[in-house]
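Each remark here refers to the structure printed beneath this line.
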Amino acid sequence: MTDPSSADGPRKVAPEDRATTGPFDESEANPVRPYIDLGGIKILPREGLNLRLEVEEQTKRIVAVGLDYSGSTLQVQPFAAPRSAGLWEETREQIRQQIRQQGGRVEEREGPLGPELLAEVPVIAGPDGTAGKRLARFVGVDGPRWFLRGVIGGAATSDVEAAAAVEDLFRSIVVVRGGSPMPPRDLIPLRMPATPGSA
């Protein structure tokens with residue numbers, strides 16, 4: 001039986017080989033690999049990878065995971081999504097509007113992970129308040145009942161080798177959606193990783 005709600009929901013956008021090359025659903029991940037468990041996502045440790053948790057000031061909840069790797073940054077956020085419809089089509093449109101409102105430039109292109117946005121975001125660069133520009137790539141993949149969004153900065157916005165390294169990192173992420181009901185677009189809860197050796 002087909003789900004009637006899928007007729008009007010946006011299509012899911014993901015690489016055709018997502019189930020085998022990632023980003024993975026928890027049910028697809030290799031259980032013996034030594035993942036760093038951050039709740040809503042698991043990250044495969046690798047040489048030269050630094051992990052930062054981005055915390056919302058007021059609520060103290062973790063809202064994103066920042067990964068520094070290969071001269072680049074990758075910020076990731078996992079969201080709950082409907083079983084039948086995707087969020088990346090809609091999310092791209094929202095990002096495009098936000099960047100234009102800030103006076104930035106944005107173009108959509110087909111990347112290794114599917115459609116992505118390459119944006120030039122205005123930033124205050126100098127201590128004297130001079131404006132600069134920062135390049136960012138916005139990537140997203142719709143999975144089963146989840147959506148994983150990434151923002152890539154640094155070398156991977158322009159350097160092919162750095163980009164490949166960061167795309168590989170993004171693809172190695174495992175999303176743990178969990179069984180509890182969640183409204184679509186809600187951030188899947190993230191948590192501090194347990195330190196090995198601590199009780």
Is any side-chain heavy atom of Arg191 closer than 4.5 Å to one of Asp37?
yes
Connected via hydrophobic side-chain network under 4.5 Å: Met182 and Trp146:
yes
Single-linkage hydrophobic cluster, 4.5 Å side-chain cutoff, Val139 and Val166 together
yes
Sorted by chain and number, sequence neighbours left out, ring pair (Phe, Tyr, Trp, His ring centres under 6.0 Å) with Trp88 holds for Phe147
For Val65 and Gln75, what are the C-alpha separation, side-chain angles and deciding distance, and is it a side-chain contact (heavy atoms from CB on, under 4.5 Å)?
CA-CA 6 Å; Val65 176; Gln75 182 210 56; over 6 Å; no
Side chain proximity check, Val176 to Ile188, heavy atoms < 4.5 angstrom:
no
Rounded to the nearest 0.5 Å, what's the gap from OH on Tyr69 to CG on Leu74? Could you check?
11.5 Å
Of all heavy-atom pairs between Ala80 and Pro183, which one has the smallest distance, and what is that distance?
CB-O, 3.6 Å
Pro82 vs Arg145 side-chain heavy atoms within contact, under 4.5 Å
no
Just by distance, do the side chain of Ser72 and the backbone of Ser70 share a donor-acceptor pair under 3.5 Å?
yes
Shortest non-hydrogen contact from Ala85 toward Lys12:
O-NZ, 3.4 Å
Against the six-membered ring of Phe138, is Arg149 placed for a cation-pi contact (under 6.0 Å from the centre, within 45° of the normal)?
no
Answer yes when Arg18 and Glu28 have at least one side-chain N-carboxylate O distance shorter than 4.0 Å, and no when they do not.
yes
Quick one: does Lys42's side chain get under 4.5 Å of Glu26's, heavy atoms only?
yes
Do Leu49 and Met192 belong together in a cluster built from hydrophobic side chains that touch within less than 4.5 Å?
yes
Could you pull out the closest heavy-atom pair between Gly104 and Pro122, with the gap in Å?
CA-CD, 3.6 Å
Does Glu89 pair with Arg11 as a salt bridge, N-O distance under 4.0 Å?
yes
Please report the interatomic distance CG(Asp68) to CG(Leu169), rounded to the nearest 0.5 Å.
10.5 Å
State yes or no: do Leu148 and Val174 share one hydrophobic cluster built from I, L, V, M, F, W and Y residues joined by side-chain heavy-atom distances below 4.5 Å, directly or via other members?
no
Between Ala14 and Val141, the two heavy atoms sitting closest are CB-CG1, 3.7 Å
Should Glu120 and Arg134 count as an ion pair when the cut-off is N to O under 4.0 Å?
no
Greater than 12 external heavy atoms within 6.0 Å of Gln102's CD:
yes
Heavy-atom side-chain contact between Pro78 and Leu190 under 4.5 Å
yes
Among Gln101, Glu108, Glu107, the one residue meeting side chain to side chain donor-acceptor pair (under 3.5 Å) with Arg96
Glu108
Chi angles and distances behind the side-chain hydrogen bond (donor to acceptor under 3.5 Å, both in side chains) call for Arg137, Thr157
CA-CA 6 Å; Arg137 286 173 60 198; Thr157 55; over 6 Å; no
If the threshold is 4.0 Å, N to carboxylate O, is there a salt bridge linking Asp25 and Arg177?
no
Does the side chain of Arg185 reach to within under 4.5 Å of the side chain of Leu87, using non-hydrogen atoms?
yes
Under a 3.5 Å threshold, yes or no: a donor from one side chain and an acceptor from the other, between Glu56 and Thr59?
yes
At their closest point, which heavy atom of Gly111 faces which heavy atom of Glu116, and how far apart are they?
CA-OE1, 3.6 Å
Quick check: closest heavy atoms across Glu110 and Pro115, and the distance to 0.1 Å?
OE2-N, 3.6 Å
Stepwise side-chain contact (heavy atoms from CB on, under 4.5 Å) check, Ile43 with Leu38
CA-CA 8 Å; Ile43 307 281; Leu38 301 165; 3.6 Å; yes
Derivation of the salt bridge (charged side-chain N to carboxylate O under 4.0 Å, His left out) call for Glu54 and Arg52:
CA-CA 6 Å; Glu54 299 179 22; Arg52 284 171 293 105; 3.5 Å; yes
For the CD atom of Gln94 and the CD1 atom of Ile99, what is their distance to the nearest 0.5 Å?
12.0 Å
Could you see if Phe170 belongs to whatever hydrophobic cluster contains Ile36? Use Ile, Leu, Val, Met, Phe, Trp, Tyr and a side-chain cutoff under 4.5 Å.
yes
Could you tell me the separation between the CD1 atom of Ile62 and the CG atom of Leu187, rounded to the nearest 0.5 Å?
10.0 Å
If you define the side chain from C-beta out and look only at heavy atoms, does anything of Ile41 sit under 4.5 Å from Val76?
yes
Contact check, side chains of Val63 and Leu53, non-hydrogen atoms, under 4.5 Å:
no
Quick one: CG on Leu117 to CD on Glu93, what's the gap to the nearest 0.5 Å?
9.0 Å
